[in-house]
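Note: hydrogens, waters and symmetry copies are ignored here, and every other heavy atom, side chains too, is used. One-based numbering, in listed order, for ligands and for the atoms of each.
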Amino acid sequence: MQDKEYRILIINPGSTSTKIGIFDNEFSVFEKTIRHEAKVINSFSNIIDQYEFRKNTILETLDKEGINISKLSAVCGRGGLLRPIEGGTYAVNKTMLVDLRSGFSGQHASNLGGIIAYEIASGLNIPSFIVDPVVVDELEPIARISGFSLIERKSIFHALNQKAVARRVAKELGRKYQELNLIVTHMGGGITVGVHKQGKVIDVNNGLHGDGPFSPERAGTVPAGDLIALCFSGEHYREEIMKRLVGHGGLVGYLGTNDAVEVEKRIEAGDEEAKMVYDAMAYQVAKEIGAASAVLSGKVDAIILTGGLAYGKGFVKSITDRINWIADTIVHPGENELQALAEGALRVLRGEEDVKIYPENLKTAKI
Ligand SMILES: Nc1ncnc2c1ncn2[C@@H]1O[C@H](COP(=O)(O)OP(=O)(O)OP(=O)(O)O)[C@@H](O)[C@H]1O
Ligand SMILES: CCCC(=O)O
């Protein structure tokens with residue numbers, strides 16, 4: 001018998017663009033990256049104020065493409081900085097909307113994903129979902145202990161792409177994601193290294209606000225004492241230091257660019273500083289993977305490298321040369337978040353997985 005056909009609108013808001021897709025079951029029939037001019041985006045005082053503008057832009061784009069939204073079965077958005085929750089597909093509900101609108105755990109463009117999905121879907125009387133938001137939290141209790149009793153380690157990472165690639169690799173290996181021990185390394189503007197133990201991410205660096213390897217735009221772990229001295233030197237504003245850690249950290253801080261392709265060109269042209277910094281980024285990634293393998297007591301089925309930086313052959317080699325003694329490395333460059341969102345929505349529409357409800361008994365720690 002023919003499977004029921006679901007048509008799903010996917011919405012993935014990023015800092016400078018909104019990616020949208022229309023999927024008929026798992027097949028993409030339309031995808032578009034709508035770029036937003038910096039001066040337009042910067043004219044809003046905060047991310048949530050962009051809601052009306054981004055929603056209208058999406059609807060106008062679909063209209064221009066001749067896509068009739070009344071035929072949709074569901075709308076699925078990339079979820080935002082909610083309270084910590086376990087991985088899965090969540091129905092957008094009132095509690096979630098309140099947290100997304102208030103930016104409970106901080107401001108992030110993906111906060112708009114759930115809100116816009118809900119608004120479009122409720123007008124059509126169809127369900128709206130988010131899948132594996134960046135706050136997916138499956139950490140084991142031991143991983144939460146930072147060593148400083150006032151600060152708990154948090155799980156903020158590329159959960160959507162990490163889980164999607166991990167599931168894809170499990171399929172390729174003919175195994176179930178829930179049976180495998182994987183180290184998944186997403187290397188994009190931020191870098192996160194997740195320890196996936198039998199389907200749960202039991203440890204991962206907080207890729208947004210501060211630990212792990214440095215990345216094209218983020219500083220990662222920095223020496224705490226020196227950072228505190230800098231903060232209290234009276235020479236810097238809080239926002240300025242934060243910007244130097246996230247946004248202007250990593251490659252941007254050292255080399256003035258977040259573009260690894262440009263860094264590779266500089267290296268080819270003999271730029272020794274660029275070579276040292278790029279090597280240091282690979283070194284820190286390898287070191288984090290080594291730490292992740294210790295979490296799994298060395299029982300690692302595979303190491304996965306994904307995200308934009310995984311296109312860099314030299315960069316990947318520089319990592320694998322240091323970690324190839326741990327397990328086989330599988331490289332899946334780039335990310336496929338629209339597809340991952342569509343698959344998450346489909347799993348619940350088809351009843352293969354229960355839809356999760358944004359929990360009532362929420363943990364309330366602020367980031
Ligand atoms: N062919 C390539 N070779 C080397 N690096 C590349 C290549 N293509 C893209 N990159 C680099 O990948 C990085 C961006 O990765 P990606 O697009 O996954 O990040 P993002 O989506 O902006 O951020 P994030 O993944 O953290 O959400 C940039 O530094 C970019 O220069
Ligand atoms: C680490 C969370 C996802 C992002 O890079 O914004």
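When the options V75, L349, I22, L341 are evaluated for a side chain to side chain contact (heavy atoms under 4.5 Å, CB included) with I8, the one that passes is L349.
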Any protein N/O atoms within less than 3.5 Å of an N/O atom in ligand 1? List the atom names and distances, or say none.
from	atom 1	to	atom 2	distance (Å)
ligand 1	10 (N)	G308	O	3.4
ligand 1	12 (O)	L309	N	3.3
ligand 1	18 (O)	G308	N	3.0
ligand 1	19 (O)	G189	N	3.2
ligand 1	23 (O)	G189	N	3.1
ligand 1	25 (O)	H186	NE2	2.7
ligand 1	26 (O)	H158	NE2	2.9
ligand 1	26 (O)	G189	N	3.1
ligand 1	26 (O)	G190	N	2.9
ligand 1	29 (O)	N258	O	2.7
ligand 1	29 (O)	A260	N	3.3
ligand 1	31 (O)	D259	OD1	2.9
ligand 1	31 (O)	A260	N	2.8

Between the protein and ligand 2, are there any N or O atom pairs that come within less than 3.5 Å of each other, and if so, what are their names and distances?
from	atom 1	to	atom 2	distance (Å)
ligand 2	5 (O)	H158	NE2	3.0
ligand 2	5 (O)	R218	NH1	2.8
ligand 2	5 (O)	R218	NH2	3.2
ligand 2	6 (O)	H108	NE2	2.9
ligand 2	6 (O)	R218	NH2	3.4

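Side-chain contact between V92 and I130 is present, with at least one heavy-atom pair separated by less than 4.5 Å.
A salt bridge is defined here as a Lys NZ or Arg NE, NH1 or NH2 lying under 4.0 Å from an Asp or Glu carboxylate O, and E172 with R168 fails to meet this definition.
In this structure, the separation between OG on S105 and CZ on R83 is 7.5 Å, given to the nearest 0.5 Å. Between the CD atom of E239 and the NZ atom of K243 there is a distance of 11.0 Å, given to the nearest 0.5 Å. Considering CG of L97 and OG1 of T95, their distance stands at 8.5 Å, rounded to 0.5 Å.
Relative to the ring axis of F23, R7 does not place its NZ or CZ within 45° and under 6.0 Å from the centre.
Aromatic ring centroids of Y90 and F129 lie 6.0 Å or more apart.
Crowding of D354 atom CG: a count of heavy atoms from other residues, nucleotides or ligands under 6.0 Å not exceeding 12.
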